[in-house]
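See below for the structure under consideration.
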Amino acid sequence: MKNYLIVFIAATSLGFGLFSCQKDNLVTDVPHNIPPDFNWGQGEPDSIVSDFYFQGKIGGVLNTFQDSIGDYYNLAYDSGYIQCEDTNKVFYGQGFGIYTLTGRSSLDIKFLKCLSDTSDPASIDSLLYLGAYPYGSSNLLNTVPGVEITWVDASGKVWKTLPGTGSSADDSFVIKSINPAPSDSIGNLVLFGTMNVHLYNSTESITVEGGVFNLQYGVY
């Protein structure tokens, strides 16, 4: 019995010795009581994760608007306006952009032209081409073919391009690619383009700089 007791005491002592020689690897410098970051894994605020988006500086502030993220939606629509000088034609527009439900902090783009048949897709397609566009106007008192860009800021103030200002202000609005839209899209096409434009509200102006967009377009 004495021998067994000696073996037990020796084994127990060896066990305590092994445990006491192990280094304590517990991390002790982890901060506590930090609230969780619910945006973790969603990318940086200005990273593009949606198929349809606009990104650029508006009034010197970088904005990134993405479809179905943060209450922004890429929508497309069509609109007939008034009879053109040629009474067989109607001043017509295809609008698209990225919008909030409040209508504020929303960017709208319209292609405008006199068309003879607004029910014919081939006629409507003539609104669109690759390359640079002049500025147009949907003002019923002064309709002008071209592209009209409208920004409604967070306060509800409306800023628009003005026909004839592009060349003097060194502006540009360019469509770089036109592709078929996915089958589940709201539009018929997807447009990729760039813009560097001046927008006006009476005598005031702001700029859209380095604007890049990839948006659904066309309701036929």
Side-chain angles (χ1 to χ4, degrees), residues 37-79 81 93-112 128 133 135-140 144 146-163 165-166 169-177 181-182 184-219:
D37 179 5
F38 294 104
N39 292 318
W40 185 87
Q42 297 185 21
E44 295 300 319
D46 295 315
S47 60
I48 304 297
V49 296
S50 173
D51 290 335
F52 309 117
Y53 61 86
F54 166 86
Q55 185 174 70
K57 285 186 178 181
I58 303 177
V61 178
L62 181 63
N63 290 275
T64 303
F65 307 133
Q66 304 189 64
D67 182 46
S68 301
I69 296 176
D71 296 327
Y72 285 92
Y73 300 94
N74 174 201
L75 304 175
Y77 63 93
D78 70 336
S79 182
Y81 292 93
Q94 280 277 344
F96 69 109
I98 194 142
Y99 312 89
T100 59
L101 296 180
T102 64
R104 300 183 176 192
S105 298
S106 295
L107 185 73
D108 178 73
I109 303 167
K110 291 190 190 80
F111 293 118
L112 304 163
L128 198 60
Y133 287 68
Y135 294 151
S137 172
S138 62
N139 185 328
L140 297 182
V144 179
V147 64
E148 182 179 63
I149 302 161
T150 303
W151 163 247
V152 182
D153 66 23
S155 69
K157 195 169 184 177
V158 178
W159 306 83
K160 287 190 176 186
T161 46
L162 290 179
T165 61
D170 196 28
D171 287 18
S172 67
F173 177 91
V174 180
I175 295 296
K176 296 197 167 185
S177 70
D184 59 349
S185 296
I186 60 166
N188 297 75
L189 301 169
V190 176
L191 307 185
F192 175 77
T194 61
M195 66 173 81
N196 287 279
V197 301
H198 284 71
L199 307 175
Y200 298 87
N201 179 291
S202 186
T203 59
E204 298 179 277
S205 71
I206 59 173
T207 57
V208 180
E209 303 170 85
V212 179
F213 60 88
N214 195 68
L215 296 170
Q216 300 169 90
Y217 162 89
V219 181

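Remember, predicted model here, so these are calculated numbers, not experimental data.
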Contact summary for Gly136 and Glu148, nearest pair of heavy atoms: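 Scanning both residues completely, I find the closest heavy atoms to be O-CB, 3.8 Å.
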Nearest heavy-atom neighbours spanning Trp151 and Ser106: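 Residues Trp151 and Ser106, closest heavy atoms: CE3-O, 3.2 Å.
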Residues which pass side chain to side chain contact (heavy atoms under 4.5 Å, CB included) with Ser68, listed by chain and number, not counting sequence neighbours: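 Checked Ser68 against side chain to side chain contact (heavy atoms under 4.5 Å, CB included); matches are Tyr73.
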Partners meeting side chain to side chain contact (heavy atoms under 4.5 Å, CB included) with Val144 (sequence neighbours left out):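 In terms of side chain to side chain contact (heavy atoms under 4.5 Å, CB included), with neighbours along the sequence ignored, Val144 is linked to Ser137, Asn142, Pro163.
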Within this structure, what is the [atom1]-[atom2] distance for the pair [X] and [Y], rounded to the nearest 0.5 Å?
X	Y	atom1	atom2	result
Ser50	Asn214	OG	CG	9.0 Å
Tyr135	Asp171	OH	CG	3.5 Å
Phe96	Leu75	CZ	CG	12.0 Å
Ile98	Ser105	CD1	OG	12.0 Å

Plane angle bin for Phe173 and Phe111 - parallel if under 30°, tilted between 30 and 60°, otherwise perpendicular: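 Phe111 vs Phe173 ring planes: perpendicular.
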Tyr99 side-chain N/O to Gly97 backbone N/O, donor-acceptor pair under 3.5 Å: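 Yes, Tyr99 side chain to Gly97 backbone: donor-acceptor pair under 3.5 Å.
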Expected output: side-chain Asn74 to main-chain Leu215 donor-acceptor under 3.5 Å: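 Not a single qualifying donor-acceptor pair exists.
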Stepwise side-chain contact (heavy atoms from CB on, under 4.5 Å) check, Ile69 with Val49: CA-CA 9 Å; Ile69 296 176; Val49 296; 3.5 Å; yes
Sequence neighbours excluded, every pair satisfying salt bridge (Lys or Arg N to Asp or Glu O under 4.0 Å) that has a member inside residues 58-75: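 For residues 58-75, and leaving out neighbouring residues, there are no salt bridge (Lys or Arg N to Asp or Glu O under 4.0 Å) pairs at all.
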Sequence neighbours excluded - salt bridge (Lys or Arg N to Asp or Glu O under 4.0 Å) pairs with any residue from residues 190-206: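 For residues 190-206, and leaving out neighbouring residues, the salt bridge (Lys or Arg N to Asp or Glu O under 4.0 Å) pairs sorted by first residue read Lys157-Glu204.
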What pairs with [X] under side-chain hydrogen bond (donor to acceptor under 3.5 Å, both in side chains), at least two apart in sequence or on another chain?
X	result
Thr102	Thr100
Trp159	Asp153
Gln94	Tyr92
Thr150	none

Sequence-distant partners of Asp108, salt bridge (charged side-chain N to carboxylate O under 4.0 Å, His left out), two or more places apart: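 With neighbours one apart ignored, the set is Lys110.
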Compile the donor-acceptor pairs under 3.5 Å between side chains in residues 51-61 and protein atoms, sequence neighbours left out, one pair per line.
unit_1	atom_1	unit_2	atom_2	d
Gln55	NE2	Asp46	O	2.7
Gln55	NE2	Thr64	OG1	2.7

Test ring pair (Phe, Tyr, Trp, His ring centres under 6.0 Å) applied to Tyr72 - qualifying residues, sequence neighbours left out: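 Once residues adjacent in sequence are excluded, the partners of Tyr72 under the ring pair (Phe, Tyr, Trp, His ring centres under 6.0 Å) criterion are Phe65.
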Side-chain donor-acceptor distances from residues 187-197 under 3.5 Å, at least two apart:
unit_1	atom_1	unit_2	atom_2	d
Asn188	OD1	Tyr220	N	3.4
Asn196	OD1	Gly210	N	2.7

Pairwise side-chain contact, His198 with Thr207, heavy-atom cut-off 4.5 Å (strictly under):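 Yes, their side chains come closer than 4.5 Å.
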Val147 and Thr161, any side-chain heavy atoms less than 4.5 Å apart: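 No. Closest side-chain heavy atoms not under 4.5 Å.
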